[in-house]
Each structure stands twice: as C-alpha cells, then as structure tokens.
Amino acid sequence: MTRKWVYLFDELDQASSYVGGKWDNVRGLLGGKGANLAEMTRIGLPVPPGFTVTTEACNAYLDAGMAFPEDMWQQELAALAEVEKKTGKKFGDPGNPLLVSCRSGAKFSMPGMMDTVLNIGLNEETVQSMIKSTGDARFVYDSYRRLIQMFGSVVMGVPDEPFEEVITEVRKKRRVKSDAELTAEDWMSIGERFRDIFRRYNRIDFPTDPLEQLRLATEAVFKSWNGKRAIDYRNAAKIAHDLGTAVNIQTMVFGNMGNDSATGVAMTRNATTGEKRIEGDYLINAQGEDVVAGIRATDPVEKMAQTMPASWEQFVEITRILEKHYRNMQDVEFTVERGKLWMLQTRDGKRTAQASVRIAVEMVDEGLISSEEAVMRVTPEQVDFFLHPQFNPHSKKAAGAEGRLLASGLNVSPGAAVGMVAFDADLAEAWAKKEGKKVVMVRPETKPDDVHGMLAAEGILTSRGGRTSHAALVARQFGKPAVVGVAALEIDMSQRLMIVKEQVIEEGDWISIDGSTGEVFLGRLDTMVPDISDPWLKRLLVMADSFRRLGVWANADYPDDAKRAREYGAGGIGLCRTEHMFFQSERLSFVQKMIMTNQPTERREALDALLPFQREDFIGLFRAMHGLPVIIRLIDPPLHEFLPNYESLMTGLADNKIRLLRAANLHEIDELLRKIEDDEHVLGRVQDLHEANPMLGLRGVRLGIMMPDLTQMQVRAIFEAACQCTKEGIDVHPEVMIPLTSHVNELKVQREALEEVARQVLEEQGVVIDYKFGTMIEIPRAALTADEIAGHAQFFSFGTNDLTQTTFGISRDDAEKGFLIDYIQSGILPDNPFETIDRNGVAQLMAIGVERGRKTRPGLEVGICGEHGGDPKSIAICHELGLNYVSCSPFRVPIARLAAAQAALRERMTDG
Ligand code: PEP
Ligand code: MG
C-alpha cells in the first residue's frame, strides 16, 4: 500500500494515530496550520472544508529532485473530490465552481516565509459563472486579478512592482485615490494587463486549467522550503532544516462580498501587555491580505460589535473556546462571508516577554493551566527582558521639552533602543557587525528578507503595518524593541532620508525609539535599567520559588548591590569580593603603602587605617542582608594589581629623567629627584612582585599565608562589624571564605590563624555569633581532594571561573579575545565554557567535589559563585549536582529563580 500523503481536515484522528497520537508529532506531519485547522474542525468550529498535503510529501518531493511522490497527486485529487462533495461545488466547473486557497504551513510558524495563493480555480469560464452567481462583476474581476498577481509572484517569481505599477497607473488615469473606487471594467482590464506581465516574465501563458494551477501552487510551496529567506529565518530561529512544510488547500470564503462581509486577524489577548482583551484589526468588504499588508487603514476588531454584532458575539465565543481548548493565547484569522463567520487559522500567539508572564499568571488564576505549567512556559530569557534598558525618565522629559519627540506609533515590542538610522537590512547588518555601530533599522515595512538586519539592529521602526505585521512579530520573538505603523514618517528610500514634522533625518542620524510606549525621538536619549516591579512577574517568581530546590544568592560587593539583590529575591550573598573595596580612591593609597613598606610599624599603620573602611563596608552588607547568610571572601588577586603598571612607571621615570636634564632651577631639580626616587622605589617593588603567570602565582590563600596580617585585618573587620550589627539587633550570619585552596594544609594553616582572630574579637565584644569558615573550590586538586579539605571547611563554594581556567588550561582573561571564539564558531567546543559549565569536564570535578566533601562532612553547604551561577543551562547542572545554592549578579537573580524552578520541574517530569 502506498503512503498516505494527504489528509482531509476531518481526518485528524487518522493522522494522529499514524504518528503515535502525540500532538507535537501531528504538528510535525500536518504543519502547525494544518494541525490546527483539523483540530478546529474536530471541535466543531466553522472551518471551510479542505485538506493538508503532509510535510513527509514535501520532504519526499525535495529528496526526489522535485518530483511528487507516487500517488500523492491522485490523493490530492481524491481529497479535492471530497471537498467538492462537502461544498456542493466543483473545481473548474463553469456552472458552480469551487475556488480554493493554497497555503504553506510548517511545524513551527515562520511569519511570511512561504506565501499564500488565493482564488485558485478562476479562469475565463469560471469567472463568468461567478459573476452570474454573485451578481458582482467587480468582486469577481478583482478576485481574478489577485489570483494572477499572487500566482505570478508566489509561484512563478514575478516581482510585485510591475503589477502594482499597473494599478497605480489606472488609479491615476481614473483620478481615484483608492482601489475601492475602481470599477468592474477597471479590474477586468487590469487582469488582462496582468496576464501580459505574466507572459512577459515567464514566456508562458497564465495557466487557465484549474488543476494545473493547483499542481503548480503545491509545488511552489514545497520548493519555498528551500528558498533563501526560509533558510535564513530557520538559521536565526534555530529551526531544523529537515522538517519540510505542509500544504493546506482550503475552500475559499470571501470577505469582499459586500458590507455584510469582512476579514480580520486578532489575538485573543493583548500581545504586548498580556491584558485579557481581544486585540486585532479587521476590514469590511476586503480580502485577508488587505489587512496584513497595511494598504488600507484597518479598524480595531472590537468595532465589529457595532457593525456586525451577531458575528462578533460568535467570534468572542469562539476565541473563548479556543483558549480553553489550547490553554493558550491564540492568534486567529477569520472571514465573514455574507454574514457567516469562518475561522481560517489559529495558532499560539507570539507575544512580548511582559505579555508572556502576565498571560501565564492569569491563566493560572482562570484555572486554565497549573502553576507548574506557568513556570515552564516563561523562558529565563523572557525574564531578562524585564531588566532591559528603558529610557531615563529625565532624559525623556527633556527630549520632549526640547521638541525632540518626532512621532508616535504602535508599541509592539518593549524596551528602549538608541541607534543610527539605517534604511535597509544589509546596511544595518554591516554597520552593526563590521563597524560596531548601534543601529535602528527604519523601513516602510519589513519583509522576511530583512530579518538579518533586524537581528543586528538595536531596534526597529516602520512607517506602515500593525501589531500583527511582520516587523512586530519578528521583533517580539527576538526581543528587539520596535515601533511600527508610524504614519507621520515619510520615508524616501531613493534619497535615503525620512521627513517627519518637517524635519529631515538622514541615514546615519541618531534616533531613540521606545518600544514600550511607541514614541520616536530625535537624538540619543539616556537609558537605564528598570526596577522589576511588574506585579505578574513577582507572582510568577513566587510560584517558581515554591518549586525550586536550589537557593539563589547574589554576588554583591557593596550595600547597594546587596539591597538590589534582596529586592530581586536573593536568599543570601554568595560572594563579596573584598578586594573591590580596596580599589576605592580613599583606600588605595593605604593599600599601596601596606604593599610597599618593609617597616612593620608602617605596615601596621596602613592596615589599621584600612580596617575601619572594611568594617563599614561589612556593616552595610550585614544590614542589607539581615537574617541571611553573607559570604565574604578574603583578598584574592595578586598584589601587583594594586600598584601602577610596569610600563606606565617606566615611561614616567624616563620622562622625569629627561625633564631633569632640562631643569631650570634648584627647586625643580629637587622636586624631580624626589619623584624619580619614589618611582624607582615603586618600580623595584613591582619588579619584585612580577610573575610570569600571576594567575597561578601569589594570590588567594597563598597571599594570606605569606602576609597573615592582611587577612587577619580583614577577619577582624568582619567580626567587629558582625558584633556591632548584632548589638544593633541585626541578625548576622557571616561566612568567611578562603580562596584558591589547592592543598588541605593551606586551608588548615590559614583557618587556624584567622579563627583565632575571630574568637578574640567575639571575646573582646562579648558577643556570640553564628559563623562559618569555608573555602572556594576552584582548582582541580581541591575538587579531587575535597574529602581532606572538608575536614577543615564548613562550606564549599565552586569558583567556576578559575576552575574552568585551570581545568581547560585556558586563560580566562585572554581566551575570549582569541581562539576560543573560533573554537565555538567552528563547533570544536559546543558552548563557551566560561559562560556555560562544561558538563563533561568541569562538572565532573564539581560532582567529585560535592560527593567527597559531603562524605567527610555530611550536609556540607555547597554553592557556586563563578559567573556560571546566572546561566540557565549551568543552573540546571548545579541542580543535578545537588548544590545548595547558585550565586550570581543581582540582575540575574530573577532569571536564576526561574531557571532553578524549571530544573526542578524538568527533573520531576523525567522521574515520571
Ligand atoms: C571564580 O573563580 O569563579 C570566582 C568566583 O572568583 P574570581 O572570579 O574572583 O576569581
Ligand atoms: Mg576565583
């Protein structure tokens, strides 16, 4: 028996059982559009009859070098006969002709990738009978010319322009402004000229045999799967290239049959904000592409409540059924033909990150989905959008006051974008990628071949199009700020400029667009990172918290960071890098003095001067983190980092020596001699401290051992701060972290020396504090000997930055400038190991560290504080390894909360 290549919309059960009953597989076979048309048919919604040619047929056609697989065409004809039966019409029959549309539909929606041909089945004869049956010659000739135009451009590759030129010319000649004013005769003569164009481009006549039209249209959809723009889109959206597309053939219904007919597109909720209110556009007496193309000004769909109340009521009810059925917000297309409503498409609606979060949370409230599903539906990247730059309100207000608000349009994808105007995608890409410029891509409207420019740009601005336009969909999907449909912009592509409010803006000029409000400004506005005060996000993250096993802590050095981290939901500080405090200007001179001197008293003085600064820093952190653990890491970097660099010292010295030769008076000579002596002294110390590999040198615990008074000062500052806070009623939990341990004896010696200081302070102050001493695990040897190390550490924290560096033997400071990027691009490494934990290497060492550490000390607290702590894939690994927490930058805390919950839920799902 030959394979079944074609399924009628009401044969869903057969298609489903063929692919094992899984909805995902059904979508794979019938494409998203075909599967949803069949599903809508199954649940009894009004869908014009039709059938789907499978993706398998497409792949078989392409594999066979563009030949239909055996029996496919016969099956298509048989399905057509069934549709004829259902509609009581006949394809190609001059008496009562059936007309069909042909649309592509892959498993994943690819906006505008492969197009649609409408009105297939029209020719000279069927046109006549249609005129008779509808009594509307104008409508029929308009439909016919649309077929020739779409067939010409979609199937045969004739450019749009010659067709459009003809229409413009006729409009001019007839002195009318819109297509609606053209008559039946006009459309008839336009149709004839379209056929001439067709002939001129293709050297064949427009096919008048309806079956030939259908066959060629089917083939065109198959071929378009491998068209350049489809391939580009799949590359950008990471869609597999071997899925193929299905072809949907469906009975035509007409929205352009008079004022009781209409066509429209709608989202069942607001795709920008997520608000539960139908949002869309429709047009009375029009065909589908008129709405999407933005040629005619559309009306908001809710206006149907007045113009066609019965259809509106039915439509609202259908959207409710669809949402309940799919348990998701839907993006639908519909047509009303002489008062009868037809559903032409439904699919999960694309939406902004904000809408995604709000819809997920509200659907839990409405009982449509569980909180687990809500948490799984939002991606960590979407949470990241809440932290995207917004315009600084002062800068925006100032721009408004200076008259720099140029225009407003539709706010279709949120966020602020600032960049130079580029009027085409290639230039936008070249400027952004090759010249590192920030670009806002400006177009009348975007098309699928513009996607590369959109991806490279900071933001997108168009003068035409609506919320469902290509620009809006793509921008939302990729999280690019976008403003569309700014009618006030007059874009002149030939002169490469735009005019708005009599202001001429040339390519390369700076503009700022606000995708959250739809405003367009001249010049560069300041941006800022917003607070994540969105109430739905807060609720989603609280749901996430109830599922995650991992704690989420933050890396924060200053009290302000700690406050922000806590606001974002951090459960502790996982890393405070104390040396960052040394770099502040009023402290650096004491640090340098401490490093430079050989005199014990001078050294003591310098350390004594630093102590109060450190104590204040820690007090601030403890206050911000009242009740939560704070891990403070003792000084880590090599000391030369605190001194001027060798090259600049040498140049300064040489300069001063030259100036000495030319000194004009004794005072100047004295001054220069003093400077030279100082510089030589510093230079000598820098040379002493010089190491060929400072990253593998005197740093971390080694520094503490060699200069015990330095880390002792830090520990004294920590415990004095903790005592003072405790006396103020603050609940403190300091954890002192010793970095870069590789041998247990290092930790043993250092901890003994430091804990002695801690005990002294607590005794002096008469305070009892809950504290811990622990270490970072950031050298492979430490992970391998974790059982020994755990004997002297009350907690571990994986420093995966250094652990990656030392496991790979790749310098963390240089790698990303050089070969590592090539490695990633050429696939030698699957991911950047400094971004995502290397599962087969570094993660193995971590697993050993956890297991051996907890063998010696059951219940040992283990976390991670390398940059990986904020990376969703790495967070999943940390979850698997049974860590207690991940610690990341405050800005990534919300993302980490979600990623940790998703890791836990995924584990639950695989466990059954
Ligand atoms: C690490 O190495 O992962 C770490 C957190 O420490 P630092 O980046 O300060 O070396
Ligand atoms: Mg480190």
Side-chain angles (χ1 to χ4, degrees), residues 552-558 561 565 570 572-583 629-642 691 693-704 711 714 735-743 746-747 750 774-783 786 789 793 795-816 832-838 841-843 845-846 849-850 861-871 874-875 877-878 881 883-893 896:
V552 175
W553 297 11
N555 294 356
D557 302 334
Y558 306 104
D561 295 344
I573 298 293
L575 174 64
C576 161
R577 290 179 166 104
T578 49
E579 65 270 13
H580 286 178
M581 299 160 168
F582 288 172
F583 283 106
V630 176
I631 297 189
I632 297 168
R633 184 185 70 183
L634 304 177
I635 187 165
D636 180 39
L639 291 181
H640 74 86
E641 287 193 13
F642 299 99
E691 292 172 300
N693 279 318
M695 269 299 190
L696 303 179
L698 182 60
R699 56 173 285 221
V701 62
R702 303 161 196 173
L703 201 55
T711 46
Q714 291 194 296
E735 302 191 14
V736 181
M737 182 153 75
I738 295 165
L740 216 78
T741 300
S742 53
H743 194 288
E746 294 176 300
L747 181 65
Q750 178 72 163
T775 185
M776 295 189 71
I777 303 290
E778 48 185 346
I779 301 285
R781 193 180 187 285
I789 290 180
F795 68 89
F796 283 177
S797 177
F798 286 108
T800 42
N801 303 333
D802 275 310
L803 190 58
T804 301
Q805 167 168 264
T806 48
T807 302
F808 272 89
I810 295 177
S811 159
R812 58 191 265 191
D813 297 323
D814 301 319
E816 282 152 305
N832 179 345
F834 289 102
E835 210 172 284
T836 297
I837 294 174
D838 155 48
V842 174
L845 284 168
M846 292 170 72
V850 175
E861 171 192 293
V862 185
I864 175 177
C865 63
E867 291 312 303
H868 306 84
D871 167 62
S874 307
I875 291 170
I877 293 177
C878 294
L881 294 177
L883 264 53
N884 297 85
Y885 66 88
V886 295
S887 185
C888 55
S889 112
F891 284 110
R892 296 206 65 89
V893 165

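Indexing begins at 1, ligand by ligand and atom by atom, following the structure's order. Along the sequence shown, residues carry numbers from 1.
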Per-ligand residue contacts, ligand 1, heavy-atom threshold under 4.0 Å: L575, R577, R633, D636, R699, M776, E778, G799, T800, N801, D802, R812, C865, G866

Restricting to N/O/S atoms, is D802 within less than 2.8 Å of the Mg ion (ligand 2) or not? yes

Between atom OG of S811 and atom CE of M695, what is the distance when rounded to the nearest 0.5 Å? 7.0 Å

Write down the atom of [X], the atom of [Y], and the distance for their closest heavy-atom approach.
X	Y	answer
L803	M846	CD2-CG, 4.0 Å
P890	N555	CD-O, 3.4 Å
V893	W553	CG2-O, 4.2 Å

The Mg ion (ligand 2) has as its nearest N, O or S atom from E778 the atom OE1

Close side-chain approach of V842 to F808, heavy-atom, < 4.5 Å: yes

E778 and T806 side chains, donor-acceptor separation under 3.5 Å: no

Any salt bridge linking D802 with R699? Criterion: basic side-chain nitrogen under 4.0 Å from a carboxylate oxygen. yes

